[in-house]
Amino acid sequence: MPELPEVEVTRRGIEPSLNGQAVVGVVARVPALRYPLPPDLGALIVGRRLTGVARRGKYLLLDFGRGHLLIHLGMSGSLRLVTASQPAAKHDHLDLLFGRKDRPLILRMRDPRRFGAVLWLEGDAEAHPLLKVLGVEPLTGEFDAIWLKRELAGLKAAIKPTLMDSHRIVGIGNIYASESLFRAGIDPRRAAGSVSRKRLEKLVPAIKATLSAAIAAGGSSLRDFIHSDGGSGYFQQQYFVYGRRGEPCRVCGRAIRELRQGQRATFYCAGCQK
DNA sequence: CCGACAACCTGTGAGC
DNA sequence: TGCTCACAGGTTGTCG
């Protein structure tokens, strides 16, 4: 489900309701997701006030002053805001209860595949091993064609999986990698180091525009994407290539092709992408 | 450092 | 209709 836009949409969805609220309870229904849940999470945050929700790549960082709760949604995770009258469903693994104890607002994490993560970070969150290795944020000014040209110099790996490497650039997942390369007219199989400066000048804005459009549309809605308020995003209706094998290219009409890179599906138009 | 691959886990849908 | 199998938004870790 979540690439950068979906995580950002989630962040924007939950922050206004939760900021400044104190935690009044924690309910963990599984011992672990990708990693063990903090075993003493209640003791750590009950009574603490949430002072902000930040995003770094696809991670959310809930600021509790004395530390941060780091949340990653993996491939199938979602966060919703619900009330106590809403019973927990099968894969609702963690509830954080905020506000009034008798009528709490609940931040509920669902994650069927359990590839997600919830970790407690003390001190400087950015120094945590998982965050320290992350690359640049694609929606900042730091991410430009000059930077990208240097970053990709000498790389023989294909451009598409390279764009998805969070140690270089964060937040670009399998969907938006294909979509961005289509918008930039670049063949996903091209060696990353061989993409010309001129083409990178197109790719960088294409990535920014693709991610921004998806955020503006409320994130993509695949099978199980759920907004924090329970609604769904609509960006999937704007896909140029992802999931459209055999369908006509919206620009030139040729059939969209699918191939495998790494262990992931890639979609592209042989007419528009060289 | 680079690149390829397996692993984590459940649900779904295509194909027979 | 029912079964099996491949594949699904991500990331780490291991190996050559």
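Order of the sequence lines fixes the chain letters, A, B, ..., with proteins taken first and strands second; residue numbering starts at 1 for each chain.
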Chemist: Using a cut-off of 4.0 Å on non-hydrogen atoms, how would the nucleic acid contact of A:A117 be classed: base, sugar-phosphate, or nothing?
Modeler: nothing
Chemist: Between A:E151 and A:G262, which has a closest nucleotide on DNA chain B that is more 5'?
Modeler: A:E151
Chemist: Return no unless some side-chain N or O of A:H72 is found under 4.0 Å from OP1 or OP2 of C:dT11.
Modeler: yes
Chemist: Determine whether more than 12 heavy atoms belonging to other residues, nucleotides or ligands lie under 6.0 Å from atom CZ of A:R56.
Modeler: yes
Chemist: Identify whether the distance between the nearest side-chain nitrogen and carboxylate oxygen of A:R244 and A:E258 falls below 4.0 Å.
Modeler: no
Chemist: Side chain of A:R260, heavy atoms from C-beta onward: which of C:dC7, B:dG3, C:dT12 has the nearest atom to it?
Modeler: C:dC7
Chemist: Does B:dG11 have its OP1 or OP2 closer than 4.0 Å to a side-chain nitrogen or oxygen of A:H91?
Modeler: yes
Chemist: Is any side-chain N of the basic residue among A:K274 and A:D187 closer than 4.0 Å to the acidic one's carboxylate O?
Modeler: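 Judged by the 4.0 Å cut-off on N to carboxylate O distance, A:K274 and A:D187 do not form a salt bridge.
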Chemist: Could you check which of C:dT12, B:dC9, B:dC2 has an atom nearest any side-chain atom of A:L155?
Modeler: B:dC2
Chemist: Does A:K58 have a side-chain nitrogen or oxygen under 4.0 Å from the phosphate oxygens OP1 or OP2 of C:dT11?
Modeler: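 For C:dT11, OP1/OP2 do have a side-chain N/O of A:K58 under 4.0 Å.
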Chemist: Applying the side chain to side chain donor-acceptor pair (under 3.5 Å) test to A:T210, which of A:R183, A:E179, A:Q238 qualifies?
Modeler: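 The single option meeting the side chain to side chain donor-acceptor pair (under 3.5 Å) with A:T210 is A:R183.
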Chemist: Nearest heavy atom decides the nucleotide; on that basis, is A:G57 or A:Q263 closer to the 5' end of DNA chain C?
Modeler: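 By nearest-heavy-atom nucleotide position, the 5'-most residue is A:Q263.
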Chemist: Is the distance from OP1 or OP2 of C:dT11 to the nearest side-chain N or O of A:H167 less than 4.0 Å?
Modeler: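 Looking at the OP1 and OP2 atoms of C:dT11, neither is under 4.0 Å from any side-chain N or O of A:H167.
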Chemist: Mind calculating the distance between CD1 (A:I169) and P (C:dG10) to the nearest angstrom?
Modeler: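 Result: 14 Å.
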Chemist: Report yes if at least one side-chain N or O of A:Y242 is closer than 4.0 Å to OP1 or OP2 of C:dG9; otherwise report no.
Modeler: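 It does, given that an N or O in the side chain of A:Y242 lies less than 4.0 Å from OP1 or OP2 of C:dG9.
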Chemist: How many whole angstroms separate atom CG of A:L211 from atom P of C:dG9?
Modeler: 16 Å
Chemist: Output yes when a side-chain donor or acceptor of A:K208 lies under 3.5 Å from a complementary backbone atom of A:F143, and no otherwise.
Modeler: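 Answer holds: yes.
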Chemist: Look at the side chain of A:M164 and decide which nucleotide, out of C:dG9, C:dG10, B:dG11, has an atom nearest to it.
Modeler: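 Between C:dG9, C:dG10, B:dG11, the one nearest the side chain of A:M164 would be C:dG10.
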Chemist: Out of B:dG11, C:dG10, C:dA8, which nucleotide sits closest to the side chain of A:P112?
Modeler: B:dG11
Chemist: Rounded to whole angstroms, how far apart are OH on A:Y239 and C1' on C:dA8?
Modeler: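 Taking atom C1' of C:dA8 as the reference, OH of A:Y239 is at 12 Å.
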Chemist: Taking the side chain from A:R49 and the backbone from A:G20, do they hold a donor-acceptor pair closer than 3.5 Å?
Modeler: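 Here the side-chain-to-backbone pair exists.
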Chemist: Between A:R113 and A:L130, which residue's closest nucleotide on DNA chain C lies nearer the 5′ terminus?
Modeler: A:R113
Chemist: Given B:dG11, C:dA8, B:dC9, which nucleotide is nearest the side-chain atoms of A:K90?
Modeler: B:dG11
Chemist: Given the P atoms of B:dA14 and C:dG9, what is the spacing between them in whole Å?
Modeler: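 To the nearest whole Å, 15 Å.
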Chemist: Answer yes or no: does a side-chain N or O of A:R34 lie under 4.0 Å from OP1 or OP2 of B:dT10?
Modeler: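 Checking A:R34 against B:dT10: no side-chain N or O falls below 4.0 Å of OP1 or OP2.
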Chemist: How does DNA chain C look in dot-bracket notation if pairs are Watson-Crick or G-U with both distances under 3.5 Å, crossing ones as [ ], other-strand ones as |?
Modeler: .|||||||.|||||||
Chemist: Is the base of B:dT10 touched by the side chain of A:R114 through a donor-acceptor pair closer than 3.5 angstrom?
Modeler: no
Chemist: Would you mind reading off the distance between A:I175 atom CD1 and C:dC7 atom C1', rounded to a whole angstrom?
Modeler: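 Whole-Å distance recorded here is 14 Å.
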Chemist: May A:F115 be described as stacking on the base of C:dT11, applying a 5.5 Å centroid limit and a 30° limit on plane angle?
Modeler: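 One would not call A:F115 stacked on the C:dT11 base.
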Chemist: Would you call A:K198 and A:E201 a salt bridge, taking side-chain N to carboxylate O under 4.0 Å as the test?
Modeler: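 A:E201 and A:K198: not salt-bridged.
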Chemist: Between A:V53 and A:R11, which heavy-atom pair has the shortest distance, and what is it?
Modeler: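 Minimum heavy-atom contact is O-NH1, 3.0 Å.
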Chemist: Using whole Å, what does the distance between atom C1' of nucleotide B:dC2 and atom CG of A:D165 come to?
Modeler: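 Atom-to-atom, A:D165 to B:dC2, this comes out as 11 Å.
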Chemist: Using the P atom on both, measure B:dC9 against C:dC3 and round to a whole Å.
Modeler: 25 Å
Chemist: Give A:R245 one of three labels, base, sugar-phosphate or nothing, depending on what nucleic acid heavy atoms sit under 4.0 Å from its own.
Modeler: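 Counting heavy atoms under 4.0 Å across all strands, no contact is made by A:R245.
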